[in-house]
Amino acid sequence: MSRLLQTPFVPGTANTSLRRPTNSGSRTTRLSARPGGTRIHAKIREIFMPALSSTMTEGKIVSWVKSEGDKLSKGESVVVVESDKADMDVETFYDGYLAAIMVEEGGVAPVGSAIALLAESESEIADAKARASSSSTETPSSPSPAPAENAAPAPVPASPSPSPSPRPAASVMGSAVHPASEGGKRIVASPYAKKLAKELKVDLTSIAGSGPLGRIVAKDVEAAASALAVREVPGTPAASASSPHVPLGNVVPFTTMQGAVSKNMVESLKVPTFRVGYTITTDALDALYKKIKPKGVTMTALLAKATALALVKHPVINSSCRDGRSFTYNSSINIAVAVAMDGGLITPVLQDADKVDIYSLSRKWKELVDKARAKQLQPQEYNTGTFTLSNLGMFGVDRFDAILPPGTGAIMAVGASQPTVVATKDGRMGMKSQMQVNVTADHRVIYGADLAAFLQTLAQIIEDPKDLTF
Amino acid sequence: MHSLSSSSASLSSVPSHHPRHPPSVPLPTLRFCGLRPEALFPRPLSLYSSCSSPARRSARRLRSTVLVSASAGNGPPSKFDYDLVIIGAGVGGHGAALHAVEKGLKTAIIEGDVVGGTCVNRGCVPSKALLAVSGRMRELQSDHHLKSLGLQVAAAGYDRQGVADHANNLASKIRSNLTNSMKALGVDILTGVGTILGPQKVKYGKDNIITAKNIIIATGSVPFVPKGIEVDGKTVITSDHALKLEFVPDWIAIVGSGYIGLEFSDVYTALGSEVTFVEALDQLMPGFDPEIGKLAQRVLINPRNIDYHTGVFASKITPARDGKPVMIELIDAKTKEPKDTLEVDAALIATGRAPFTNGLGLENINVVTQRGFVPVDERMRVIDADGKLVPHVYCIGDANGKMMLAHAASAQGISVVEQVTGKDHILNHLSIPAACFTHPEISMVGLTEPQAKEKADKDGFTISVAKTSFKANTKALAENEGEGLAKMIYRPDNGEILGVHIFGLHAADLIHEASNAIALGTKIQDIKFAVHAHPTLSEVLDELFKSAKVNSPVSSPVSEPVGV
């Protein structure tokens, strides 16, 4: 059955029946149900919002074809769902009774969340109803975590759009004061910013716009969303005042992902780690970034590329100690980048980052982040990293310390790039943008001088970044 | 001052640039439609003929009763410089001129601005150039789509000036083609503003006076700008300015969500702008069949960087100045209460088009325009202030407002030439297709479903609707463009096609099978036997015809044209 549940939906009739019957424009799809959580009797199944297209993230209930208490037989239409593409009739996979409707007509539910309960027998309808009413007071159920997520995501705080932006975190939050918006009474946000805000559940009134005349634009929303995501990283929930979903005073069990993080954190204590820091000037990197950003290049990809090129020259930093007795020199340079996610974090991997060109790397990164948000990352896409990057620069963090993910040799914590007054060699004072990086490494295989040499190479690459775009 | 020629901004009369794919058909996939039993089943010949009615025949007789009216003191000349003078060298005037030459008429065309009119210079033609760019940008930016085809493309970018030049070059090229085709046929192109002085007498330029046996007014239209809106041509613009693509704003408001607005939203979002629609009616795309509109909104609006305000008027729009953005004041369309204020980088006014008929000298022939439009009858004959026909004066295209499309103007012009050369003709406007060149395209001909229902209730017949999806079409799936719908509204009793609406890949090129069927009176039970090459997009219509349930036997093709 679990296999069935992994592929719950039979796409519509489109490819099989060439001619559609007159007057029925809607397509049909199969609706699956999954057994409820462990506490609940397995004979009550959740009917959840199907993914009717590859781009669908939420669906609207157009109408319930059946009502509560109706008997359903396999293959019958139960509900009409409006996706981003079309209205579709959704059929059930199972016989049973439509016990409780959890999302009413006109309501919108994210893909994978429960919209109704299906009871196997009439006697269970009451149970199901009780369950529906109790669960409706909880937070909306989230898609079942992919089983592969038990494999360790990297244990570092992180965020989805790492760029060493010098913008201090303080400017991210605040009220939208648009010069022409009557002192912030109105919100002036671009159409895409509004769309993103809805998607990422960001409150526009809490964002200060950085667009023309203080308008809120897409990147403001993205920055706010990643700020929120980091606040929700496990370990710091109590500190998060703006996170409304924290049930204060209660004990909340870990999700699967949080459990995996916890396990890895404890595991990491067995490794003798040490740290070496370095300050790198980023003026040239920033200029390069500005130049190629319109071509879709992200700062994350640039940093990953620079790191990978430095690793080529220092293979020992890319090695790991698996058994306590030997070096394992990895054949590829796979840069894992930590990304904060709702209720956890994950480390999508940029494979062969030293060989792939910067544009492809940026595209790959975008794809990975999209997949991570949709919880569709395949295991090889997040557990094959040989070196990890964690970047908190976008919050104004200037330096921090990362914990080494078990199975790898080193992790680099990247702080914000900030304008800094420096003394130059000719005895003058100058202003340069600088960022601090801090590498945590396994001292069984990597020694202080190795790290120092690696960091020196990395600094040279970043300060003269022409090789990044070869 | 200049004289524009007919057509609205969005419809193209340019031939498609998409090559037809040769039919490389594997035999086993051919379907033999002749085996369909319901089509072969003999039924008694029934009463359904085409809608030719007594009313129309009496109208035909009317024409012969038109007498030459003599305005006092300015009698008609007896010998004429030209058989036909056309005022306005847009697509409508051009179509009329070419047909007139074919019919042996001595023809002149007067143009006060540039040959080609709105369509060629400020409408369909340059907009198609921009849409060709936006279509490619969309393909190159759609990672998902490219990946599913196995393609890898580095980040796509564009050069604004290059795009603008493409549009401008295309317009120049089509303009010279148009000019050359008329010169080659011996049409006199007279430069200057044309004014009607009296019956059969026209002035052009400063003081050149010519006489003509018949006159066609084809002066077209200009963008309509509602009051309260200040157009500066830079940040508050009409389609005239937008087609020059002088800048690509980060955020542009488009006032009006008809064809023109929709096409520009396609262009601007592909080039990276965010768009806000302002629509006075309660829903976007009010002119389209509701079902097509709903689907189009899902594909063309919702997933793109577009938001919208419906049920509101833009009561005041101020261009950007003194460091302030473009300000748009919105009021409720019904209550007129202030609703919102938008602050954007630019505003495109796409609220329709107004006839360009000022200075035509209509007062000299006792004609009063209605909201600027020249009143005409079904034969495009101009009607004067007393409700009488003005002899020898016709008006075609946007200036009469019957159907503001370039090819409609041209068809009206041809109809007029047929009449003045002795063959009565009435154009069936319900057979004229229309298209919106978004990605994917929208096209339609005839009635929408609600219009057809209304007509059915009034005239006492029933209608049926057939639909097919592009998802079932091999060629569309090969292109990975299965998003789309074709629907046909028809009479199940006699197989008459009332309307066809297509949303999907190359919809604009696909509509003509349906529009020709309507124009020629071909019934579904007959056209369903016509064979379509496989695999082509045209099979979408093939499926549509075949899925219709008609209770009428196959008839011989009915070819009597129908006027509406």
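Each chain gets a letter, A, B and so on, in the order the sequences are listed, and its residues count up from 1.
For the set B/Leu544, B/Asn305, B/Leu342, the entry with the most heavy-atom pairs within less than 4.5 Å of chain A is B/Asn305. When each of B/Lys324, B/Arg304, B/Gln297 is checked for heavy-atom pairs under 4.5 Å with chain A, B/Arg304 comes out on top.
Looking at B/Lys487, there are no atoms closer than 4.5 Å to chain A (heavy atoms on both sides), in backbone or side chain. Neither the backbone nor the side chain of B/Ile252 comes within contact range of chain A, judged by heavy atoms closer than 4.5 Å. Only the side chain of A/Lys194 comes within contact range of chain B, with at least one heavy atom under 4.5 Å from a heavy atom of that chain. For a residue to count as touching a neighbouring chain, one of its non-hydrogen atoms must lie under 4.5 Å from one of that chain's; by this rule B/Asp345 touches chain A with backbone and side chain alike. Looking at A/Ser190, the atoms closer than 4.5 Å to chain B (heavy atoms on both sides) sit in the backbone and in the side chain alike.
Residues A/Pro191 and B/Thr276 are in side-chain contact: their nearest non-hydrogen atoms beyond the backbone lie under 4.5 Å apart.
Under a 4.0 Å N-O distance rule, the pair A/Lys198/B/Asp307 does not qualify as a salt bridge.
When all heavy atoms of B/Trp251 and A/Arg215 are compared, the pair lying nearest together is CE3-NE, 3.2 Å.
Counting heavy-atom neighbours within 6.0 Å of A/Gln380 CD, excluding the residue itself, gives a total above 12.
With B/Asp143 as the fixed residue, the salt bridge (Lys or Arg N to Asp or Glu O under 4.0 Å) test singles out one of A/Lys371, A/Arg363, A/Lys366: A/Lys366.
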